[in-house]
Amino acid sequence: MDKLLTTLLLTSILFSTTYAQNHNCSSFAFRNNQIFATCIPLPVLNSVLHWTYYPNNHTVDLAYRHGGVPNTDWVAWGLNIDGTMMIGSQCLVAFRNSSGEIHAYTSPVSSYNTQLAEGALSFNVPRIGAEYSNNEFIIFATLELPAGRTSFSQAWQNGGVSGQVLTAHAQSGDNLRSFGSVDFANGL
Ligand SMILES: *[C@@H]1O[C@H](CO)[C@@H](O)[C@H](O)[C@H]1NC(C)=O
Ligand SMILES: *[C@@H]1O[C@H](CO)[C@@H](O)[C@H](O)[C@H]1NC(C)=O
Ligand SMILES: *[C@@H]1O[C@H](CO)[C@@H](O)[C@H](O)[C@H]1NC(C)=O
């Protein structure tokens, strides 16, 4: 095939793929009509992160969506301030509790044996809530970001709930690839 044509074709495929993802993510209609400035589809586990960053007070309003899961799962998303992946991550967690309500809370993870017990994070989270519909959990929160930076490691997960106990996530496939970085000021 002609070189120029190949280049054009590849460019248009790349463009339409990027467009479709961005388009999907930014056209998502939240039930509470909330609008966020930015969104990125995360590479695995049907997850999308939406946020608005406010430089004036260094806070971020965010929504973490994790789709394709039953309401008997837990989901979690977190920032890792000093490290990467699971240990040290400062998590937002949601699951359906024994009252049948979607319970959202914060949990700092310090061990591979964590059951995601409720606890304060290393930064302030003045607001957190969650909902579940269409096989998707959405966690809404406001984070007061650690001072002096907007770029962090992030990780996200899902696993099963047994009674009120959050059990370990799958130890294979995409559940071991669900980490990366995020820059709240610059997008990625
Ligand atoms: C994005 O849109 C495409 C085309 O409409 C659709 O096939 C795909 O399932 C959508 N993806 C998400 C994550 O909504
Ligand atoms: C941060 O500033 C924005 C813009 O002024 C404001 O809308 C928001 O409520 C503030 N957030 C907090 C947690 O104070
Ligand atoms: C379930 O979660 C809701 C919402 O966070 C909370 O009000 C309720 O106390 C929780 N129930 C139990 C049994 O923990």
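All values below were derived from every heavy atom in this structure, side-chain atoms included, with hydrogens, water molecules and symmetry-related copies excluded. In each ligand, atom 1 is the first atom listed, and ligand 1 is the first ligand listed.
- Here the CD-CG distance, from Gln115 to Leu166, works out to 8.0 Å after rounding to the nearest 0.5 Å.
- Within the cation-pi definition used here (under 6.0 Å to the ring centroid, within 45° of the axis), Arg96 does not qualify as a partner of Tyr132.
- Only the side chain of Asn56 comes within 4.0 Å of ligand 2, counting heavy atoms alone; its backbone N, CA, C and O stay farther away.
- Distance check, rounded to the nearest 0.5 Å: CD1 of Ile128 to CG of Leu92 gives 4.5 Å.
- Distance from atom 13 (C) of ligand 3 to its nearest protein heavy atom, with residue and atom name: Ser99 OG, 3.3 Å.
- Of the candidates Phe36, Trp51, Tyr54, Phe184 forms a ring-ring contact (aromatic ring centres under 6.0 Å, His included) with just one, namely Trp51.
- For the residue pair Tyr64 / His50, no side-chain donor-acceptor distance below 3.5 Å is found, with atom types taken as modelled.
- Of the protein's heavy atoms, Asn97 ND2, 2.2 Å lies nearest to atom 2 (O) of ligand 3.
- In this comparison of Asn124, Val60, Asn57, the heavy atom closest to atom 1 (C) of ligand 2 sits on Asn57.
- Near His103, with a cut-off below 4.0 Å to any heavy atom, the atoms of ligand 3 are 2 (O), 4 (C), 5 (O).
- Atoms of ligand 3 found under 4.0 Å from any heavy atom of Ser98 (numbered from 1 in listed order, with element): 13 (C).
- At the shortest separation from atom 4 (C) of ligand 2 among protein heavy atoms lies Tyr54 CD2, 3.6 Å.
- A donor-acceptor pair is defined here as one N or O able to donate and one able to accept, closer than 3.5 Å; such a pair exists between the side chain of Thr167 and the backbone of Gly160.
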